[in-house]
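Source: prediction; values computed, not measured. Residue numbers start at 1 and run along the sequence shown.
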Amino acid sequence: MNVRSTAVQKWTKNLAIIILVFNLFVKFFISQNIVPYSIQYLSDALLVIAFVGAAIIFFCSSKKTKKAIVLWFIPVFIFLLIEIISAVINRSELLLFLWHIRNYYRLFAFMFIAIICFDMRDIRKFFNIGYWILILHTVLVTIQLISFYLDFDGNFFHQDYLNGIFGTTQGYNTYSLIFLLVVSGYYAGCYLINECFKARAYISFALAGLVVAFSELKVYYYLVIVFFAILLLAKIVQKTRKKLLKKYICFAGIIAASYLIMGLLYPYVFSFFFDSEILREYIAKTSYGSEQITSIEVEQEPIPTETIQAGDNETVLPSTETQPTENTETGNTEISEEESVTIPKVNRLSAITIIPEYFFEDGLDYLFGIGTGNAEYSKNEHFCSDTYRLYGGIDYNRFTFSILLLETGFLGILVFGLVFGVWFLRFGYCFLKCKTAEKPIYYLSFFISFVALIDIVYDAALRSEASYFYGFAIAVGIICWLKQGSTNE
């Protein structure tokens with residue numbers, strides 16, 4: 001690599017670090033009205049510049065390195081091809097198509113940048129800094145809990161606002177969740193696999209447990225149970241489970257203490273994990289929190305063809321053949337029952353049936369959806385689709401699965417899932433074959449790939465700035481793989 005490309009790599013690495021740090025703290029300053037909401041789009045500009053720099057470095061690399069990197073991104077290229085076909089078939093608007101690309105490909109773009117620019121020394125520094133940021137995060141969440149308790153006369157039911165370094169805007173606890181999983185997962189893996197960072201493993205896990213309890217991030221418990229269960233299975237297969245029982249008992253004690261604290265703050269939680277009816281209702285909620293968790297506008301604005309609520313989980317929408325009329329007495333938009341269609345609101349379970357039933361007309365729609373970008377939403381009207389203006393009331397944009405299914409059909413959602421599924425399997429294989437100190441890094445990337453698969457259905461985090469944290473956590477495994485000369489495949 002020549003001097004010029006080395007300089008480009010240095011600048012690109014600095015930009016990548018700025019993007020990570022920026023997205024760790026910008027939500028806090030936005031929620032405190034210190035900076036405007038629009039400042040978060042700065043990371044988009046930085047990402048484009050950094051991506052160009054990474055591309056230059058990539059083309060200056062050896063053929064072996066380029067081939068190794070490209071192999072990891074083949075599923076992404078297939079997904080992009082399907083999206084292009086969907087856009088062409090459905091004649092998607094260019095601006096909406098680009099907005100869609102922006103929402104979904106930040107994750108992949110940042111992964112590429114991290115793979116190109118970071119090395120193992122950088123990764124260790126990041127996790128070291130992440131540990132101290134976790135401490136700050138816990139302190140801020142605690143302060144926010146006390147503040148909300150005092151402001152609301154002892155009412156603790158404001159947990160969706162307790163997001164620490166990510167501010168006090170409802171819905172941003174999904175950023176907190178991913179951050180906790182990455183940092184605590186890394187140190188727990190280091191201790192359980194390589195028997196190092198013992199103190200940090202327990203402290204980071206305990207801090208994460210406190211944040212989870214205060215913010216009522218119930219899904220964290222399910223995910224860490226999977227984390228420990230799969231690791232235990234791998235240890236049994238590899239016959240390396242010595243001294244594991246004592247460690248697992250300690251971690252289980254931390255989880256139990258966290259759950260107890262959560263139950264004391266929010267008593268209904270005690271029945272949550274043991275009542276199938278409550279659990280079913282939770283899974284079938286129409287949103288994660290009450291506001292959408294995307295990188296774009298979090299509050300739906302009134303639109304000329306306003307949707308009419310027909311119950312808690314249904315929306316009456318205008319048919320394509322009629323126009324809504326305005327009631328001069330109430331000022332509300334009304335649609336006669338004979339000229340309307342009632343569509344149930346989308347939730348985590350129902351999207352797979354509601355979207356095809358009400359939006360797909362033929363085989364091409366089932367395969368490629370209504371067009372890449374044709375259901376996007378933004379506060380900026382240029383990036384807000386007509387589909388959202390008419391049907392946004394059913395909350396299809398609150399879950400990655402529902403909006404992606406709508407835009408790209410079953411083929412698109414299948415391949416998008418396969419992207420993370422392939423990485424999940426590859427990292428699992430690398431983890432089992434690895435004999436070096438980097439084994440915990442493989443396991444972290446393996447686990448976060450699994451979390452991403454769950455997140456497709458759970459919420460819309462993969463479409464938000466939280467995707468940068470996903471991208472980093474997945475990229476570290478590929479960086480490790482490249483460092484070892486692809487010997488684990």
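- Judged purely by distance below 3.5 Å, without hydrogens or angles, the side chains of E83 and Y105 pair a donor atom with an acceptor atom.
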For a salt bridge (Lys or Arg N to Asp or Glu O under 4.0 Å) check, start with the C-alpha distance between K13 and D122, then their side-chain angles and the critical distance, and finish with the verdict. CA-CA 10 Å; K13 178 189 285 189; D122 296 321; 3.0 Å; yes
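- With S464 contributing its side chain and A466 its backbone, the two residues share a donor-acceptor pair below 3.5 Å.
- Within 6.0 Å of atom NZ in K66, more than 12 heavy atoms from other residues, nucleotides or ligands are found, so the atom counts as buried in its surroundings.
- Less than 6.0 angstrom separates the ring centroid of Y443 from the ring centroid of F431.
- Taking the six-membered ring where the residue is Trp, the centroids of F28 and F166 are separated by 6.0 Å or more.
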Set out, in order, the CA-CA distance, both residues' side-chain angles and the distance that settles ring-ring contact (aromatic ring centres under 6.0 Å, His included) for Y388 and Y377, then state yes or no. CA-CA 6 Å; Y388 180 83; Y377 168 71; 4.0 Å; yes
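- Residues L20 and F472 meet the side-chain proximity criterion, which asks for heavy atoms closer than 4.5 Å.
- Residues V70 and F58 form a side-chain contact, since some pair of their non-hydrogen atoms from C-beta on lies under 4.5 Å apart.
- Side chain to side chain, S350 and T353 fail the donor-acceptor criterion of an N or O pair below 3.5 Å.
- A 4.5 Å side-chain heavy-atom check between L217 and L180 finds at least one atom pair inside the cut-off.
- A heavy-atom distance below 4.5 Å is found between the side chains of H137 and V211.
- With F399 as the aromatic partner, R348 does not meet the cation-pi criteria of under 6.0 angstrom to the ring centre and within 45 degrees of the ring axis.
- Between L404 and Y104 the shortest side-chain heavy-atom distance falls below 4.5 Å.
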List the steps, then state whether side-chain contact (heavy atoms from CB on, under 4.5 Å) holds for F383 with R102. CA-CA 11 Å; F383 300 109; R102 175 257 187 191; over 6 Å; no
Determine, step by step, whether F110 and F51 satisfy the ring-ring contact (aromatic ring centres under 6.0 Å, His included) criterion, reporting the C-alpha distance in whole Å, the side-chain angles of both residues, the deciding distance to 0.1 Å, and the verdict. CA-CA 8 Å; F110 189 78; F51 184 81; over 10 Å; no
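- Between F368 and F410, the gap from one ring centroid to the other reaches at least 6.0 Å.
- Side-chain contact between L231 and F447 is absent, with no heavy-atom pair separated by less than 4.5 Å.
- Side-chain N or O atoms of R463 include none that pairs as donor or acceptor with a backbone N or O of T400 at under 3.5 Å.
- Aromatic pair F469/F179: centroids not less than 6.0 angstrom apart.
- Checked against a 6.0 Å centroid threshold, the rings of F359 and Y391 count as neighbours.
- Side-chain atoms of S258 and Y221 form a donor-acceptor pair, as typed in the model, at a separation below 3.5 Å.
- For the ring-ring contact (aromatic ring centres under 6.0 Å, His included) with F79, the lone residue among F73, F420, F416 that qualifies is F416.
- For the pair S215 (side chain) and L162 (backbone), a donor-acceptor distance under 3.5 Å is present.
- No donor-acceptor pair under 3.5 Å is formed between the side chain of R106 and the backbone N or O of G471.
- The closest donor-acceptor contact from the side chain of S467 to the backbone of Y470 lies at 3.5 Å or more, if one exists at all.
- One side chain, E465 or Y175, offers a donor N or O that lies under 3.5 Å from an acceptor on the other.
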I would like to know whether N173 and D160 meet side-chain hydrogen bond (donor to acceptor under 3.5 Å, both in side chains); could you show each step before the answer? CA-CA 6 Å; N173 45 16; D160 284 346; 3.3 Å; yes
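- Under a 3.5 Å cut-off, the side chain of E407 and the backbone N or O of E376 do form a donor-acceptor pair.
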Y161 vs T169, side-chain contact (heavy atoms from CB on, under 4.5 Å): CA-CA, chis, key distance, verdict: CA-CA 5 Å; Y161 299 91; T169 300; over 6 Å; no
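- In this pair, F205 and Y220 present their aromatic rings tilted. The plane angle is within the 30 to 60° band.
- Formation of a donor-acceptor pair under 3.5 Å by the N347 side chain with backbone atoms of L349 is found in this model.
- For I85, the CD1 atom sits in a packed shell: over 12 heavy atoms of surrounding residues, nucleotides or ligands are nearer than 6.0 Å.
- Not counting sequence neighbours, Y396 has no partner by the ring pair (Phe, Tyr, Trp, His ring centres under 6.0 Å) test.
- Note: F450 and F227 fail the aromatic proximity criterion, with ring centroids not under 6.0 Å apart.
- The aromatic ring centres of F427 and W72 sit less than 6.0 Å apart.
- When every heavy atom of S445 is checked against every heavy atom of I474, the shortest pair comes out as OG-O, 3.4 Å.
- Looking only at distances, no side-chain donor or acceptor of K345 sits under 3.5 Å from a matching main-chain atom of I394.
- Looking at heavy atoms from C-beta onward, Y429 lies out of side-chain contact with L432 at the 4.5 angstrom threshold.
- In this structure, S86 contributes its side chain and T372 its backbone to a donor-acceptor pair below 3.5 Å.
- Side-chain N or O atoms of S43 include one that pairs as donor or acceptor with a backbone N or O of Q40 at under 3.5 Å.
- S176 and N163 share no side-chain donor-acceptor pair at under 3.5 Å.
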